[in-house]
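Structure first, commentary second.
Keep in mind that the numbers below use all heavy atoms, side chains included, and drop hydrogens, waters and symmetry copies.
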Amino acid sequence: LLLWTTLKFITKSTHPILTVSSESMEPTFHRGDIILLSNRQQNIIIGDIPVVWFAGKPLPMVHRAIEVTQEFGMGSQRILTKGDNNDLNDTWLYPDGRKFVHREEIVGLVWGHIPYLGWPSLVVKDQPWILVPAIVVIISAGVV
């Protein structure tokens, strides 16, 4: 818990470490890769990989910024994203028929990744029943 809180403080991200859960960013990232985030960079530029988390959505979206514009008078950016492995941009994924993501909806930018290390979390998410035998094995090993 202390390590997580320290990472959040250092990176200025509510979620400094996430697991990629789809194939939409292949070949850059693969399902099961762990991505490392930082939210210290104020302005997004084309080519950055922001992690967008829309209010009310259960999971974030990790896609590349393909267009960035400044909102006049607001001082905020509008970002259009697209998965590297997708043919179309992400406007169909945005809430309320919007055409852009707002900078405030970005929880961080990807600055690194660790291939395939996140697979255990995906297995538990996809097959929650696996926790029971895993806990039994851990407890048994502790008893023996």
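When side chains are defined from C-beta on, Pro115 does not count as touching His30, because their heavy atoms never get closer than 4.5 Å. Proximity of Leu88 to Lys82: side-chain heavy atoms (C-beta onward) are nowhere separated by under 4.5 Å.
In terms of the side-chain hydrogen bond (donor to acceptor under 3.5 Å, both in side chains) criterion, Glu67 has no residue partners (sequence neighbours excluded). By the side-chain hydrogen bond (donor to acceptor under 3.5 Å, both in side chains) test, Arg40 pairs with no residue at all, sequence neighbours left out. Under the side chain to side chain contact (heavy atoms under 4.5 Å, CB included) criterion, Leu7 pairs with Leu3, Pro16, Ile17, not counting sequence neighbours. Looking at residues two or more places apart in sequence or on another chain, you find a ring pair (Phe, Tyr, Trp, His ring centres under 6.0 Å) between Phe29 and His113. With sequence neighbours left out, the salt bridge (Lys or Arg N to Asp or Glu O under 4.0 Å) criterion links Arg64 to Asp84.
Under a 4.5 Å side-chain heavy-atom criterion applied to ILVMFWY residues, the cluster that includes Leu59 comprises that residue alone. Under the 4.5 angstrom side-chain criterion for Ile, Leu, Val, Met, Phe, Trp and Tyr, Val137 has no cluster partners at all.
For the residue pair Gln77/Thr69, the side-chain donor-acceptor check at 3.5 Å is not satisfied.
In this structure, Leu18 and Pro60 approach most closely via the heavy-atom pair CD1-CG, 3.9 Å.
Between the CD1 atom in Ile35 and the CG atom in Leu117 there is a gap of 13.0 Å [rounded to 0.5 Å]. Expressed to the nearest 0.5 Å, how far CG of Leu80 lies from CZ of Phe100 amounts to 6.0 Å. If you take CD1 on Ile79 and CD1 on Ile44, they are separated by 5.5 Å, rounding to the nearest 0.5 Å.
Within the structure, every pair that satisfies the side-chain hydrogen bond (donor to acceptor under 3.5 Å, both in side chains) test and touches residues 87-103, not counting sequence neighbours, is listed here: Asn39-Arg103, His63-Asp90, Glu71-His102, Thr81-Asp90, Thr81-Tyr94, Asn89-Thr91, Arg98-Glu105. For residues 28-37, the pairs satisfying salt bridge (charged side-chain N to carboxylate O under 4.0 Å, His left out) are Arg31-Asp126, with sequence neighbours left out. Applying the side-chain hydrogen bond (donor to acceptor under 3.5 Å, both in side chains) test to pairs two or more places apart or on separate chains, those with a residue in residues 10-22 are Thr19-Ser121, Ser22-Ser24.
When hydrophobic clusters are built by joining Ile, Leu, Val, Met, Phe, Trp and Tyr residues whose side-chain heavy atoms come closer than 4.5 Å, directly or via intermediates, Val101 is grouped together with Leu93. Hydrophobic clustering (side-chain heavy atoms under 4.5 Å, transitive across Ile, Leu, Val, Met, Phe, Trp, Tyr) groups Leu37 together with Val62. A continuous path of Ile, Leu, Val, Met, Phe, Trp and Tyr side chains, each step under 4.5 Å between heavy atoms, connects Ile34 with Trp111, placing both in one hydrophobic cluster. Met25 and Val110 fall within a single hydrophobic cluster, where Ile, Leu, Val, Met, Phe, Trp and Tyr are joined by side-chain heavy atoms under 4.5 Å apart, directly or via other members. Note: the hydrophobic cluster containing Val20 does not contain Leu109 (ILVMFWY, side chain heavy atoms under 4.5 Å, direct or indirect links).
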Please tabulate, for the side chains in residues 46-57, all donor-acceptor contacts under 3.5 angstrom to protein atoms that are two or more places apart in sequence or on a different chain.
{"residue": "Asp48", "atom": "OD2", "partner": "Gln41", "partner atom": "NE2", "Å": "2.8"}
{"residue": "Asp48", "atom": "OD2", "partner": "Ile45", "partner atom": "N", "Å": "2.9"}
{"residue": "Trp53", "atom": "NE1", "partner": "Lys57", "partner atom": "O", "Å": "2.8"}

